[in-house]
Amino acid sequence: KANESMDDKLSRRFVLANALYAENADASAAAHELYQANEANPEALDASVRYLVLKNEVKNYGSKELLEKLIKAYQTTSNSSYKTDLRVAVTSTKDPELVKLVISKFEDADTVKPQDLRGWYAGVLGNDAGEQAAWDWLRNDWSWLEKTVGGDMEFTTFITVTANVFKTANRLAEFKEFFEPKLNVPGFEREIKMDTNVIASRVALI
């Protein structure tokens, strides 16, 4: 709005984020209208709320066509901020079939560069509708992941990303079952032990 206060500008994304998280129908409908008004060029949305508008569209008005359109935009844009917004939106889908579609892109380097994979994995894992599928992918395709990004200094952060999401006793048991046999892998011991404690502490708190 013209002549709005700096407080309004700075607080808008936080208010909208919380309203959408609370599944406020008015906020969701308003975000949907914003998307429709900018459907031909979503990148033109105000950067402060763009990821929220795109995420709301995928979660509440999503379709395979929309997801494929946003993935295509992710592949072609050179705007790193928009790229991040698209990744956040795409990984938030609640449709199990579309979750599978997103995960199928993890090993497609033409879509997801190896150095960006952690962000995609974290997005799907942090999505209640995608947590199981992302965790299954990590365990089933660990050898591929190790071969592809194993030489990266930040490879162990896949462990940390996983620990940051898990919060149940069952997930703690699965985490230990999968990662404890890897304690002898160079660089893994400290990360695995610390992250096991992180999950255990969260489970105890809950």
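For this chain, numbers begin at 1 and follow the sequence in order. None of the values given here were measured: they were computed from a predicted structure.
Heavy-atom minimum distance, Val58 versus Ala89: CG1-O, 3.4 Å. The nearest pair of heavy atoms linking Ser92 to Lys55 is OG-CG, 3.4 Å. Of all heavy-atom pairs between Leu138 and Leu145, the closest is CD1-CD2, 3.5 Å. Taking all atoms of both residues into account, the shortest heavy-atom contact from Ala134 to Ile103 is N-CD1, 3.7 Å. Of all the heavy atoms in Val99 and Ala133, the pair that sits closest is CG1-CB, 3.9 Å. Closest heavy-atom contact between Ala122 and Val161: CB-CG1, 3.5 Å.
Within the model, atoms CG of Leu70 and OH of Tyr82 stand 6.5 Å from one another, a figure rounded to the nearest 0.5 Å. Atom CD of Glu174 sits about 10.0 Å away from atom CG of Leu172, to the nearest 0.5 Å. Atoms CG and CD, on Asp136 and Glu131 in that order, are 10.0 Å from each other to the nearest 0.5 Å. Distance CD1/Ile192 to OG1/Thr160: 10.0 Å, rounded to 0.5 Å. Atom CG of residue Leu52 and atom CZ of residue Arg13 lie 9.0 Å apart, to the nearest 0.5 angstrom. To the nearest 0.5 Å, atom CG of residue Leu125 and atom CZ of residue Arg118 are 13.5 Å apart.
Residues Val15 and Tyr35 do not share a hydrophobic cluster, clusters being chains of Ile/Leu/Val/Met/Phe/Trp/Tyr side chains in contact below 4.5 Å. A single hydrophobic cluster is seen to contain both Trp135 and Leu101, as judged by linkage of ILVMFWY side chains at heavy-atom distances under 4.5 Å, directly or through other members. The same ILVMFWY cluster, assembled from side-chain heavy atoms under 4.5 Å apart, contains both Phe178 and Val185. Neither Val165 nor Met194 shares a network with the other; the hydrophobic side chains, linked directly or stepwise wherever heavy atoms of I, L, V, M, F, W or Y lie under 4.5 Å apart, form separate groups for each.
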Inset, instruction - Take Ile199 and Arg171 through the side chain to side chain contact (heavy atoms under 4.5 Å, CB included) test and state the conclusion after the steps. - result: CA-CA 9 Å; Ile199 305 171; Arg171 286 289 191 240; 5.6 Å; no
Inset, instruction - Under the side chain to side chain contact (heavy atoms under 4.5 Å, CB included) rule, what do Lys193 and Leu183 come out as? Steps first, then yes or no, please. - result: CA-CA 8 Å; Lys193 287 182 175 179; Leu183 282 168; 4.1 Å; yes
Legend entry - Working for side-chain hydrogen bond (donor to acceptor under 3.5 Å, both in side chains), residues Tyr121 and Thr162: CA-CA 9 Å; Tyr121 168 68; Thr162 304; 2.8 Å; yes
Inset, instruction - Under the side chain to side chain contact (heavy atoms under 4.5 Å, CB included) rule, what do Thr91 and Asn127 come out as? Steps first, then yes or no, please. - result: CA-CA 7 Å; Thr91 58; Asn127 171 3; over 6 Å; no
Legend entry - Check against side chain to side chain contact (heavy atoms under 4.5 Å, CB included), Leu117 and Phe158: CA-CA 10 Å; Leu117 179 55; Phe158 277 89; 4.2 Å; yes
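At a threshold of 4.5 Å between non-hydrogen side-chain atoms, the residues Lys105 and Val102 do not count as touching. Looking at heavy atoms from C-beta onward, Phe106 lies in side-chain contact with Val124 at the 4.5 angstrom threshold.
Panel note: side chain Arg202, backbone Ala163; a donor-acceptor pair is recorded below 3.5 Å. Remark: side-chain polar atoms of Asp141 are not paired, donor with acceptor, to backbone N or O of Trp144 under 3.5 angstrom. With hydrogens and angles disregarded, no donor-acceptor distance shorter than 3.5 Å links the side chain of Thr77 to the backbone of Ala73. Checked by atom type and distance alone, the side chain of Asn18 pairs as donor or acceptor with a backbone atom of Phe14 at under 3.5 Å. For the pair Arg50 (side chain) and Pro42 (backbone), a donor-acceptor distance under 3.5 Å is absent. For Lys59 (side chain) and Thr93 (main-chain N/O), no donor-acceptor pair under 3.5 Å exists by modelled atom type. A donor-acceptor pair under 3.5 Å is formed between the side chain of Asn38 and the backbone N or O of Leu34. Gln75 places a side-chain N or O within 3.5 Å of a backbone atom of Asp110 that can act as its donor or acceptor partner.
The number of heavy-atom neighbours closer than 6.0 Å to NZ of Lys182, taken from other residues, nucleotides and ligands shown, is above 12. A 6.0 Å sphere centred on CD of Gln115 holds more than 12 heavy atoms belonging to other residues, nucleotides or ligands. Within a 6.0 Å radius of NZ in Lys100, other residues, nucleotides and ligands contribute 12 heavy atoms or fewer. More than 12 heavy-atom neighbours from other residues, nucleotides or ligands sit within 6.0 angstrom of CG on Asn170. Atom NZ of Lys72 has 12 or fewer heavy atoms from other residues, nucleotides or ligands within 6.0 Å.
Side chains of Arg12 and Ser48: no donor on one and acceptor on the other come within 3.5 Å. Of the N and O atoms on the side chains of Glu23 and Ser28, not one donor lies less than 3.5 Å from an acceptor on the other residue. Side-chain contact annotation: Asn56 with Asn60, donor-acceptor N/O pair under 3.5 Å present.
Membership of an apolar cluster is not assigned to Tyr61, as no side-chain contact below 4.5 Å to another ILVMFWY residue is traced.
Close placement of the Trp120 and Tyr74 rings is indicated, their centers lying within 6.0 Å of each other.
The ring-ring contact (aromatic ring centres under 6.0 Å, His included) test applied to Phe188 returns Phe155, not counting sequence neighbours. The ring-ring contact (aromatic ring centres under 6.0 Å, His included) check on Phe179 picks up Trp142, Phe175, with sequence neighbours excluded.
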